[in-house]
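Here's the structure, in structure tokens; my notes come after.
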Amino acid sequence: MKWGVLWGFFRKEIVALVRSPVLMVAILIMPVVQMILLSGAITFQADNLRLVMKSAPNDFVAERIYDHAIGSGFFVDAGVDANREPVEAVQSGAADVAIVMPDDGLTRGLGRGNAEIQILIDSMNILKAHSIEAYLRAIIARTVMDTTQSFGVAPIDFHVRVLFNPQMNTKFFMVPSMVAILVFLSLLILISVSIAKEKETGTMETLMAAPISKYDIVMGKVVPYVVVSFVVMLLIVVVGMLAFRVPFVGSQLMFLLSFLVFCVPACGIGVWLATYTHTQQQAMLGLIIVAFMSLMLSGAIISTENMPIVLRWISYINPLSHYAYLVRNIMLKGPDWVYFARHAAAMMGAGVVIWGIALRRFRTTL
């Protein structure tokens, strides 16, 4: 690789980027806007859940459960007529969940030791249904523990610690994920579209006729945009920390190394994709397909643990999944070099294979 050739390509690509205001906005401003909007809009926390409860008159334990549920901030009063059946309220969509207490009262049932509570949950939204069940189990268990001493029953003492995200803030999950996703998209867009543009305008023929190798051409297209993507990553991280108070407790050196290692397979994918396209429109279409599949099978937003085994294996070889795990681990947990080495090795292995295929397909003859 000739350093003079690389510097020439670097200046050429940066000047072309600066001369395109639309592309500058798309690369430097839009990732920050996307991170703020998506991190603020996408949440796995369920709140404002409409609750209705049917209980016997003067059932003070049931009343305390209802008061604690409303006071938790997760539930709101569904505003359903007291004479309306709970099943009908949930079925009609007027309520997300209904609690049905025993006909003779939960208080009496606890005194006899055979109390039963029926919970009716609208499961049209699976994530919301799981959250409702978890919230109500915790609220009911705590309320019953506070009142069982009156009945001579020993309460159960729970000791729970929530590590790394004690506030259970979804933003702490989303911001690191968006860092990985937007860095990946920046590299793919810049590299694949840049090479496709050279083909579409005919300047690729000039480059091929020049006394340089295909490795000079490829590195000249890759290195400048690695630098640009690094700037994009810094912008996203800083905005995420300032706007959403996401902590950064890990090693800055490990964070930088993770980015550089991830650039190996990510840039290889960009070059590989460009070998199949001849116009910028084709490059964008291929990019959408590749980016969508990589995102869905990365675990960056949607968990892969419950996917079929075949899709899980695909996620294991997906470089984006390893980079997303590393970014999240470094920012929220701190440095763990063994963890870093495992995921870095997986990204490097995928990168070697991808680059081998991409360079073999990249032709320097017309």
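Residue numbers run from 1 in the order of the sequence given.
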For this session: Would you mind reporting whether Met347 and Val264 have side-chain heavy atoms less than 4.5 Å apart?
Result: no
Exercise. Are side-chain heavy atoms of Ile117 and Val100 found at a separation under 4.5 Å?
Worked result: no
Exercise. By ring pair (Phe, Tyr, Trp, His ring centres under 6.0 Å), which residues pair with Phe255, not counting sequence neighbours?
Worked result: Phe248
Exercise. Of all heavy-atom pairs between Asp77 and Ile70, which one has the smallest distance, and what is that distance?
Worked result: N-CD1, 3.6 Å
Exercise. When the ring planes of Tyr135 and Phe74 are compared, do they come out parallel, tilted or perpendicular, using 30° and 60° as the limits?
Worked result: parallel
For this session: Could you tell me whether a side-chain N or O of Ser177 sits under 3.5 Å from a main-chain N or O of Ala300, the two making a donor and an acceptor?
Result: yes
Exercise. Lys214 side chain to Leu359 main-chain N or O, any donor-acceptor pair under 3.5 Å?
Worked result: yes
Seminar exercise, completed: OG (Ser258) and CG (Leu253) are apart, to the nearest 0.5 Å, by 9.0 Å
Seminar exercise, completed: In this structure, CG of Leu273 is separated from CD1 of Ile189 (nearest 0.5 Å) by 11.0 Å
Problem set entry | Spatial distance of atom CD (Gln282) from atom OG1 (Thr277) [nearest 0.5 Å] | 6.0 Å
Exercise. Can you find a side-chain donor-acceptor pair between Ser315 and Asn318 that sits under 3.5 Å?
Worked result: no
For this session: Please tell me if the side chains of Ile65 and Met101 come closer than 4.5 Å, counting only heavy atoms from C-beta onward.
Result: yes
Exercise. Can you check whether Ser213's main-chain N or O pairs, donor with acceptor, with Asp216's side chain at less than 3.5 Å?
Worked result: yes
Exercise. Between Leu260 and Phe230, is any pair of side-chain heavy atoms under 4.5 Å apart?
Worked result: no
Problem set entry | Closest contact, heavy atoms only, Ser192 versus Gly270 | CB-O, 3.7 Å
For this session: Taking all non-hydrogen atoms of both residues into account, name the closest pair between Met233 and Val179 and its distance.
Result: CG-CG1, 3.9 Å
Problem set entry | 4.5 Å side-chain heavy-atom contact, Val327 and Val237 | no
For this session: Without swapping roles, check the side chain of His322 against the backbone of Tyr316 for a donor-acceptor pair under 3.5 Å.
Result: yes
Exercise. Does the Lys199 side chain pair with the main chain of Ala274, one donor and one acceptor, at a distance under 3.5 Å?
Worked result: yes
Problem set entry | Any donor-acceptor N/O pair, Arg361 side chain to Thr275 backbone, under 3.5 Å | yes
Problem set entry | Chi angles and distances behind the side-chain contact (heavy atoms from CB on, under 4.5 Å) call for Met348, Val261 | CA-CA 7 Å; Met348 286 299 295; Val261 173; 3.7 Å; yes
Problem set entry | Taking every non-hydrogen atom, the tightest pair across Val52 and Ala89 | CG1-CB, 4.4 Å
For this session: Look up atom OG in Ser55 and atom CD in Glu63, then write down how far apart they are to the nearest 0.5 Å.
Result: 6.5 Å
Problem set entry | Any side-chain heavy-atom pair of Ile99 and Tyr66 under 4.5 Å | no
Exercise. Is the Trp337 ring parallel, tilted or perpendicular to the Phe340 ring (thresholds 30°, 60°)?
Worked result: perpendicular
Exercise. If you look at every heavy atom in Leu188 and Ala266, which pair is closest and at what distance?
Worked result: CD1-O, 3.7 Å
Problem set entry | With sequence neighbours excluded, residues passing side chain to side chain contact (heavy atoms under 4.5 Å, CB included) with Val76 | Asn48, Arg50
Problem set entry | Between SG on residue Cys267 and CD1 on residue Ile191, distance to nearest 0.5 Å | 3.5 Å
Exercise. Is Ser294 reaching over with its side chain to a backbone N or O of Ala291, donor-acceptor style, under 3.5 angstrom?
Worked result: no
Seminar exercise, completed: So NE2 of His343 and CD1 of Ile330: to nearest 0.5 Å the spacing works out to 10.0 Å
For this session: For the pair Gln280 (side chain) and Val193 (backbone), establish whether a donor and an acceptor sit closer than 3.5 Å, ignoring hydrogens and angles.
Result: no
For this session: Measure the shortest side-chain to side-chain distance between Val97 and Val90 over non-hydrogen atoms and say whether it is less than 4.5 angstrom.
Result: no
For this session: Name all residues meeting the side-chain hydrogen bond (donor to acceptor under 3.5 Å, both in side chains) criterion together with Arg137; count only those two or more places apart in sequence or in a different chain, and write none if there are none.
Result: Glu133
For this session: Indicate yes or no: at least one non-hydrogen side-chain atom of Phe184 is less than 4.5 angstrom from one of Phe262.
Result: yes
